[in-house]
Participant: 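First the structure, then my questions, so here it is.
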Amino acid sequence: MQKLDSEALDAELETLATWCFDPARGAIRREYKFADFGQAFGFMTRIALYAERHDHHPEWFNVYNRVDMTLTTHDAGGVTRRDVDLARFADQVFEGSRLDARSRGSA
Ligand code: HBI
């Protein structure tokens with residue numbers, strides 16, 4: 001898979017407003033914050049299952065309720081559609097977990 005050229009990447013980033021491009025890494029990054037560690041780990045579990053299914057894996061750092069995610073395609077040396085798809089999936093899971101938390105009255 002080919003990395004996105006800067007025009008295509010800019011167009012994707014317009015609709016991924018919470019993500020930023022790290023030119024030094026050739027990667028996109030975002031931070032997620034949850035109510036607690038259980039919520040963060042539940043999120044990571046869903047992402048891990050997606051990653052295995054698509055053979056495309058995030059670089060991430062977790063401490064308690066925070067997950068920092070960095071997406072790049074090592075094989076392509078930059079950001080590809082697979083990273084954009086994973087970013088969108090992660091955002092959907094995150095939004096879903098926030099709605100769940102709200103309906104339980106815990107956030
Ligand atoms: N995950 N983010 C990311 N980038 C890759 O290039 C990649 C991966 N997961 C598995 C994978 N490549 C395999 O195709 C092998 O290269 C290990």
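Atoms within a ligand are numbered from 1 in the order they appear, just like the ligands themselves.
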Participant: Under 3.5 Å between any N/O of T73 and any N/O of ligand 1: does that happen in this structure?
Facilitator: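 For ligand 1, there is no N or O atom that lies under 3.5 Å from one belonging to T73.
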Participant: Between F34 and F41, is the ring centre distance below 6.0 Å?
Facilitator: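 Ring centres of F41 and F34 not closer than 6.0 Å.
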Participant: To check your reading of the model: name the closest protein heavy atom to atom 13 (C) of ligand 1, its residue, and the distance in Å.
Facilitator: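 Heavy-atom neighbour on the protein nearest atom 13 (C) of ligand 1: D55 OD2, 3.6 Å.
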Participant: Is atom 17 (C) of ligand 1 touching the protein, meaning some protein heavy atom lies under 4.0 Å away?
Facilitator: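 It does not; no protein heavy atom is within 4.0 Å.
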Participant: Consider every N or O of T72 and every N or O of ligand 1, then say whether any pair is closer than 3.5 Å.
Facilitator: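 Yes, at least one N or O pair falls under 3.5 Å.
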Participant: Within a strict 4.5 Å, meaning less than it, do heavy atoms of the H57 and H74 side chains meet?
Facilitator: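 Heavy-atom side-chain distance check fails, nothing below 4.5 Å.
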Participant: Could you give the distance from CG (L71) to OG1 (T80), rounded to the nearest 0.5 Å?
Facilitator: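 L71 atom CG to T80 atom OG1 measures 9.5 Å (nearest 0.5 Å).
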Participant: Among D68, N62, D91, which residue meets the side chain to side chain donor-acceptor pair (under 3.5 Å) test with Y32?
Facilitator: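 Among the candidates, only D91 passes.
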Participant: Can you pull out the closest protein heavy atom to atom 4 (N) of ligand 1? Residue, atom name and distance to 0.1 Å, please.
Facilitator: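 Going atom by atom, the protein heavy atom closest to atom 4 (N) of ligand 1 ends up being H74 ND1, 3.1 Å.
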Participant: Short question: side chain of R82, backbone of H54 - any donor-acceptor pair under 3.5 Å?
Facilitator: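 Yes, the answer is positive, given that a donor and an acceptor are paired below the 3.5 Å cut-off.
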Participant: Provide, to 0.1 Å, the distance between atom 9 (N) of ligand 1 and the closest protein heavy atom, together with that atom's residue and name.
Facilitator: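 Answer for atom 9 (N) of ligand 1: H57 ND1, 2.9 Å.
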Participant: Considering only non-hydrogen protein atoms, determine which one is nearest to atom 12 (N) of ligand 1 and report residue, atom name and distance to 0.1 Å.
Facilitator: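 Looking only at protein heavy atoms, the one closest to atom 12 (N) of ligand 1 is D75 OD2, 3.6 Å.
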Participant: Measure from atom 3 (C) of ligand 1 to every heavy atom in M1, H56, E52 and give the option owning the shortest one.
Facilitator: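 Closest candidate by heavy-atom distance is H56.
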Participant: Sub-3.5 Å donor-acceptor pair from the side chain of N65 to the main-chain atoms of K33, do we have one?
Facilitator: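 No, the answer is negative, given that no donor and acceptor are paired below the 3.5 Å cut-off.
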